[in-house]
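Just below is one structure, and these are the notes that go with it.
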Amino acid sequence: MSRESVDKVAQSAQKFRLVYYGKLDNRSERHLIMNYYDPNIQDLCEWNGHKLNYNGLQQYLSQLENTKHEIDSLDAQPLPGNEGSDSFILVVHGKVTYNDEHKREFYQRMIIRKEGNEDKYFVINDYYRWLSEP
């Protein structure tokens with residue numbers, strides 16, 4: 001794996017993180033997150049023990065309270081055979097505050113795939129878990 005591939009993935013992951021959590025934390029734009037998920041994948045994600053497909057995730061996010069995510073660490077690695085930043089795993093750890101009062105640590109792992117020749121990425125697997133209350 002070349003250093004260039006790792007750097008490309010790191011840049012893509014940083015951009016994705018800014019857009020993804022920016023929309024997740026903005027209730028009026030939260031529905032736009034679904035543009036980053038592949039609707040054709042059945043076992044799309046698990047959020048806090050809830051296994052969700054595309055429609056289930058859409059409903060879950062629409063009912064989610066106000067959130068504010070603070071990212072403490074971010075790690076992205078190219079998946080084997082996709083060293084050109086076409087697919088990567090993104091691991092995020094941080095704190096999320098609900099309704100400006102209830103704070104929890106969280107862990108999120110996403111597998112992300114690039115579609116076509118443009119810089120459009122899709123989450124093909126997502127695992128989001130609360131860890132504790134700080």
Side-chain angles (χ1 to χ4, degrees):
M1 179 177 333
S2 73
R3 178 69 188 169
E4 182 180 339
S5 291
V6 173
D7 289 345
K8 276 184 169 180
V9 165
Q11 291 170 358
S12 297
Q14 285 289 359
K15 288 178 191 175
F16 186 85
R17 175 193 71 95
L18 291 172
V19 171
Y20 182 88
Y21 290 103
K23 293 194 182 322
L24 183 59
D25 290 340
N26 182 336
R27 283 192 82 168
S28 66
E29 291 189 3
R30 186 178 288 156
H31 68 282
L32 298 173
I33 284 179
M34 297 311 298
N35 294 332
Y36 298 100
Y37 285 88
D38 188 333
N40 300 311
I41 296 180
Q42 291 302 310
D43 295 325
L44 184 61
C45 66
E46 182 174 330
W47 274 51
N48 293 312
H50 302 280
K51 291 188 181 207
L52 303 168
N53 61 18
Y54 183 86
N55 292 332
L57 179 62
Q58 190 171 31
Q59 182 179 1
Y60 183 84
L61 292 176
S62 72
Q63 298 170 1
L64 193 61
E65 301 171 354
N66 291 326
T67 61
K68 181 175 189 251
H69 287 80
E70 300 170 46
I71 308 303
D72 294 333
S73 66
L74 176 84
D75 182 40
Q77 299 293 323
L79 293 173
N82 292 284
E83 286 80 7
S85 81
D86 291 342
S87 296
F88 58 93
I89 186 166
L90 178 64
V91 178
V92 180
H93 177 264
K95 295 172 198 70
V96 58
T97 305
Y98 293 92
N99 286 334
D100 295 324
E101 59 188 47
H102 192 79
K103 188 179 276 194
R104 293 179 182 248
E105 285 186 69
F106 78 95
Y107 167 90
Q108 189 168 15
R109 182 202 66 229
M110 294 183 267
I111 298 175
I112 299 171
R113 169 179 75 203
K114 184 175 178 182
E115 285 293 320
N117 293 328
E118 55 190 79
D119 279 343
K120 178 123 176 139
Y121 290 90
F122 286 100
V123 177
I124 60 172
N125 187 270
D126 185 1
Y127 178 85
Y128 186 101
R129 196 69 164 172
W130 293 326
L131 300 176
S132 66
E133 296 183 45

query: When W130 is tested against each of W47, Y98, Y107 for ring-ring contact (aromatic ring centres under 6.0 Å, His included), which residue passes?
result: Y98
- prompt: Shortest non-hydrogen contact from V9 to A76?
  reply: CG1-CB, 3.6 Å
Please list, chain by chain and in numerical order, all residues satisfying salt bridge (charged side-chain N to carboxylate O under 4.0 Å, His left out) with [X], sequence neighbours excluded.
X	result
D100	none
E70	K103
D7	R3

field: side chain to side chain donor-acceptor pair (under 3.5 Å) partners of Y37, counting only residues at least two apart
entry: Y20, D126
- prompt: Mind checking what makes side chain to side chain donor-acceptor pair (under 3.5 Å) contact with D75, not counting sequence neighbours?
  reply: Q77
- request: May I have the step-by-step check of side chain to side chain contact (heavy atoms under 4.5 Å, CB included) for R17 and V92, ending in yes or no?
  value: CA-CA 9 Å; R17 175 193 71 95; V92 180; 5.6 Å; no
message: Which residue is it: L44, D43, L57? I am looking for the one with a side chain to side chain contact (heavy atoms under 4.5 Å, CB included) to L52.
response: L57
Quick one: pull up [atom1] in [X] and [atom2] in [Y] and give me the separation to the nearest 0.5 Å.
X	Y	atom1	atom2	value
H31	N35	NE2	CG	7.5 Å
L90	M110	CG	CE	4.5 Å
F88	S12	CZ	OG	5.5 Å

Same apolar cluster: [X] and [Y], side chain cutoff 4.5 Å:
X	Y	value
F106	Y127	yes
V91	L79	yes
I41	F122	no
L32	Y21	no

field: Chi angles and distances behind the side chain to side chain contact (heavy atoms under 4.5 Å, CB included) call for K23, Y36
entry: CA-CA 11 Å; K23 293 194 182 322; Y36 298 100; 4.0 Å; yes
task: Evaluate side chain to side chain contact (heavy atoms under 4.5 Å, CB included) for R129 paired with N48, printing each intermediate quantity in order.
output: CA-CA 5 Å; R129 196 69 164 172; N48 293 312; 4.1 Å; yes
Below 3.5 Å, can you tabulate the donor-acceptor pairs from side chains in residues 60-69 to any protein atom, sequence neighbours excluded?
residue	atom	partner	partner atom	Å
S62	OG	Q59	O	2.7
E65	OE1	N99	ND2	3.2
T67	OG1	L24	O	3.3
T67	OG1	D25	OD1	2.7
T67	OG1	R30	NH2	3.3
H69	ND1	D25	OD1	2.7
H69	NE2	Y128	OH	2.9

